Amino acid sequence: MSLEGKAALVTGSSSGIGLAIAQAFAAEGCRVMLNGLGDRDAIEALRDGVARKAGVTVAYNAADMSKPAEIAGLVADTQGKLGGIDILVNNAGIQHVARVENFPPDKWDAIIAINLSASFHTIRAALPAMKQKGWGRIINIASTHGLVASTHKIAYVAAKHGLIGLTKVMGIECADSGVTCNAICPGFVSTPLALAQIEVRAKADRLSVEEASRLLIAEKQPQVQFTTAEQIAGLAVFLASDTASNMQGTALVSDGGWTAQ
C-alpha cells in the first residue's frame with residue numbers, strides 16, 4: 001500500500017485523529033500539510049518531529065476551517081509547498097452538547113461550518129487538479145453520529161449525517177475519474193475531544209475518569225473499549241491505497257458494534 005511520493009493535506013491535524021493520520025501518511029512516504037489550532041511553537045516542534053522521523057516534507061498552515069477564504073488559501077498553500085494534493089483528509093471538527101432549546105445558535109453555525117461546510121470548500125478547491133491528474137483520494141472523517149443519533153448533539157449529528165451524504169454524492173460524481181471519496185465513521189476514540197466530555201461526566205456523577213469512560217462507552221458499544229487514533233489512521237492509509245481504488249461513497253465503521261445493534 002505504498003504511498004511514496006504522494007502529497008496529503010489533513011485538516012485538524014495538530015492533535016488527535018488528524019495528527020495520527022498525518023503521521024501515518026508521513027510514515028508511508030507522503031509529503032504532508034498539517035493544519036489546526038494550538039500554540040505555534042508547540043506545533044512547529046510537532047511539525048519538525050514528524051518531518052525528521054519520516055524523512056519527508058511537512059508543512060503547516062493555520063487556516064480557520066470556518067472561513068472559506070482561509071480554506072482556499074490552505075489548499076493553494078498546500079499545492080504550492082507540496083507540489084499538489086493527492087490525498088485530502090477532511091478531519092477538522094468541534095463539538096458542543098446541549099438540548100436543542102438551549103443550543104446556542106452561534107455554536108450551531110460554527111459546528112456546521114467546520115464539521116460539514118469546510119469539507120465542501122476543501123473538496124471544491126482541490127478536486128479539479130486531482131481529476132486533471134487522474135488520481136486522488138478524498139477521505140472524510142465522519143462518525144457513528146453520521147449514521148445514528150444521540151441526544152444533546154443536534155448540530156454534530158446533523159453535520160456528520162450531512163458529511164456522509166456529501167461523501168455519497170462525491171463517490172458518484174468521481175466515478176471513473178481516478179479519484180475516490182469515502183468516509184470513516186469512528187465510535188468512541190480516545191482523543192482530547194472525547195476526554196473533555198468524559199471529564200465533565202465524571203465530575204457531574206462523582207466518578208473516576210476511568211469509570212466514567214467505561215460507563216459512557218458501554219451505553220453505546222457492545223465492545224467496551226476505545227478505538228485508537230492509530231486504528232483510524234490505518235483505515236485512512238487503506239482508503240488512500242490502490243487496494244481501495246474501487247471503493248466509492250462508502251462509510252467504513254470502527255465503533256465496537258455500536259451501529260450493528
Side-chain angles (χ1 to χ4, degrees), residues 1 3 5-13 17-18 21 25 30 32-33 35 63 65-80 82-93 111-148 155-186 232 235-254 259:
M1 296 196 295
L3 298 172
K6 302 295 186 185
L9 165 58
V10 185
T11 70
S13 51
I17 291 172
I21 292 173
F25 279 129
C30 291
V32 177
M33 174 63 80
N35 158 260
M65 299 307 293
S66 69
K67 298 179 179 179
E70 293 194 24
I71 293 171
L74 168 63
V75 171
D77 189 37
T78 305
Q79 291 169 330
L82 303 186
I85 299 174
D86 300 296
I87 303 163
L88 169 62
V89 182
N90 289 306
N91 171 75
I111 290 170
I112 296 299
I114 294 173
N115 293 25
L116 176 57
S117 297
S119 296
F120 161 75
H121 292 298
T122 55
I123 291 169
R124 181 176 178 274
L127 184 60
M130 288 182 176
K131 284 187 171 181
Q132 186 176 22
K133 186 183 294 185
W135 198 97
R137 298 290 184 265
I138 300 167
I139 302 167
N140 297 321
I141 306 303
S143 167
T144 51
H145 283 120
L147 303 169
V148 296
Y156 190 83
V157 171
K160 294 301 187 179
H161 270 69
L163 190 57
I164 295 295
L166 181 153
T167 300
K168 291 178 178 180
V169 172
M170 288 303 307
I172 296 168
E173 290 193 4
C174 288
D176 294 324
S177 69
V179 180
T180 67
C181 182
N182 295 285
I184 298 173
C185 297
I232 301 304
L235 287 177
V237 170
F238 164 71
L239 286 175
S241 73
D242 287 339
T243 304
S245 63
N246 205 39
M247 296 178 68
Q248 284 283 20
T250 63
L252 291 182
V253 179
S254 180
T259 53

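Fair warning: this is a prediction, and the values are worked out from it, not measured in the lab.
Here the CD1 atom belonging to Ile232 is positioned 11.5 Å from the CD1 atom belonging to Ile139, to the nearest 0.5 angstrom. Rounded to the nearest 0.5 Å, atoms OG1 (Thr250) and CD1 (Ile164) are 9.0 Å apart. To the nearest 0.5 Å, the span separating CD1 on Ile141 from NZ on Lys160 amounts to 8.0 Å.
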Inset, instruction - Could you walk me through whether Ser143 and Leu163 pass the side chain to side chain contact (heavy atoms under 4.5 Å, CB included) test, one step at a time? - result: CA-CA 9 Å; Ser143 167; Leu163 190 57; over 6 Å; no

Legend entry - Criterion side chain to side chain contact (heavy atoms under 4.5 Å, CB included) on Met170 and Asn140, from CA distance to verdict: CA-CA 11 Å; Met170 288 303 307; Asn140 297 321; 5.8 Å; no

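Between Thr180 and Met247 the shortest side-chain heavy-atom distance does not fall below 4.5 Å. The closest side-chain heavy-atom distance from Ile85 to Thr122 is not below 4.5 Å. At least one side-chain heavy atom of Leu74 sits under 4.5 Å from a side-chain heavy atom of Met65. Put simply, the side chain of Lys6 reaches to within 4.5 Å of the side chain of Trp135, judged on heavy atoms. Considering only heavy atoms from C-beta on, Asn90 comes within 4.5 Å of Ile123 through its side chain. In this structure the side chain of Leu82 never reaches within 4.5 angstrom of the side chain of Cys30, judged on heavy atoms. In this structure, Met130 and Leu88 have side chains that are in contact, with non-hydrogen atoms separated by less than 4.5 Å. Inter-residue side-chain proximity for Arg137 and Leu239 is flagged as unmet; no heavy-atom pair is nearer than 4.5 Å.
The backbone N or O of His161 lies less than 3.5 Å from no partner atom in the side chain of His145, so there is not a single donor-acceptor pair. A donor-acceptor pair is defined here as one N or O able to donate and one able to accept, closer than 3.5 Å; no such pair exists between the side chain of Asn35 and the backbone of Leu9. For Ser177 (side chain) and Lys131 (main-chain N/O), no donor-acceptor pair under 3.5 Å exists by modelled atom type. Gln248 places no side-chain N or O within 3.5 Å of a backbone atom of Asn182 that could act as its donor or acceptor partner. With hydrogens and angles disregarded, a donor-acceptor distance shorter than 3.5 Å links the side chain of Asn91 to the backbone of Gly12. No donor-acceptor distance shorter than 3.5 angstrom exists from the side chain of Asp86 to the backbone of Gly136, with no hydrogens or angles considered.
Looking at Ile111, Ile114, Asn115, Ile71 one by one, the single match for side chain to side chain contact (heavy atoms under 4.5 Å, CB included) with Ser66 turns out to be Ile114.
Heavy-atom minimum distance, Gln79 versus Ala129: NE2-CB, 4.2 Å.
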